[in-house]
Structure formats: C-alpha cells, structure tokens
Amino acid sequence: MLPDPANPGKDLGVMNLANSLPVMIVPAAAPALLALGSYTALFVAGVGAAVVSALFILPIRGVR
C-alpha cells in the first residue's frame, strides 16, 4: 500500500504528520477564532480548511 516499498519510513512519517498536524493546530487556533466574537469565524475557518483540502486532493490521479 505504501508508494515506495524501499523507503517506508518516510511515507509513514508523512502519513503520521498528516494525521497529527490538525490535532495540534486546531486547539491553538480555535480560541483565537472564538475571540473574534462568535462561532461564525470558527465555522468559516472550518469550511475554508475543507475547501483547501479538496483543492489539494484534485491533482491526485489515482492508484498506480
């Protein structure tokens, strides 16, 4: 399942970073967004993150 069977550590490290980075960023960013006054800023940031994520997935062609 890994793209490069000769170097699995690098690929697993990238997957681990992709899984753990949002868990580290959201608790730091959410209070700042809530300090702007309402939950609207938090939800708008969530929608923005979803749109950016979808745009990053578009160039992926498929499984080799």
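Worth knowing before you read on, the calculation uses all heavy atoms, side chains too, and leaves out hydrogens, waters and symmetry mates. Along the sequence shown, residues carry numbers from 1.
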(Q) As an exercise, state the distance from OG of Ser53 to CG of Leu58, rounded to the nearest 0.5 Å. (A) 11.0 Å
Q) Rounded to the nearest 0.5 Å, how far apart are CG of Leu12 and CG of Leu17? A) 12.5 Å
(Q) Using the rule that Ile, Leu, Val, Met, Phe, Trp and Tyr join whenever any side-chain heavy atoms are under 4.5 Å apart, tell me whether Leu34 and Phe43 fall into a single cluster. (A) yes
Q | Which atom of Pro31 lies closest to which atom of Ala28, heavy atoms considered | A | CD-O, 3.7 Å
Q: Kindly work out whether a path of hydrophobic side-chain contacts (I/L/V/M/F/W/Y, heavy atoms less than 4.5 Å apart) joins Tyr39 to Val44.
A: no
Q. How close do Leu33 and Ala41 get, heavy atom to heavy atom, and via which atoms?
A. O-CB, 3.7 Å
Q | Smallest separation among heavy atoms of Pro27 and Pro22, with atom names | A | CD-O, 4.2 Å
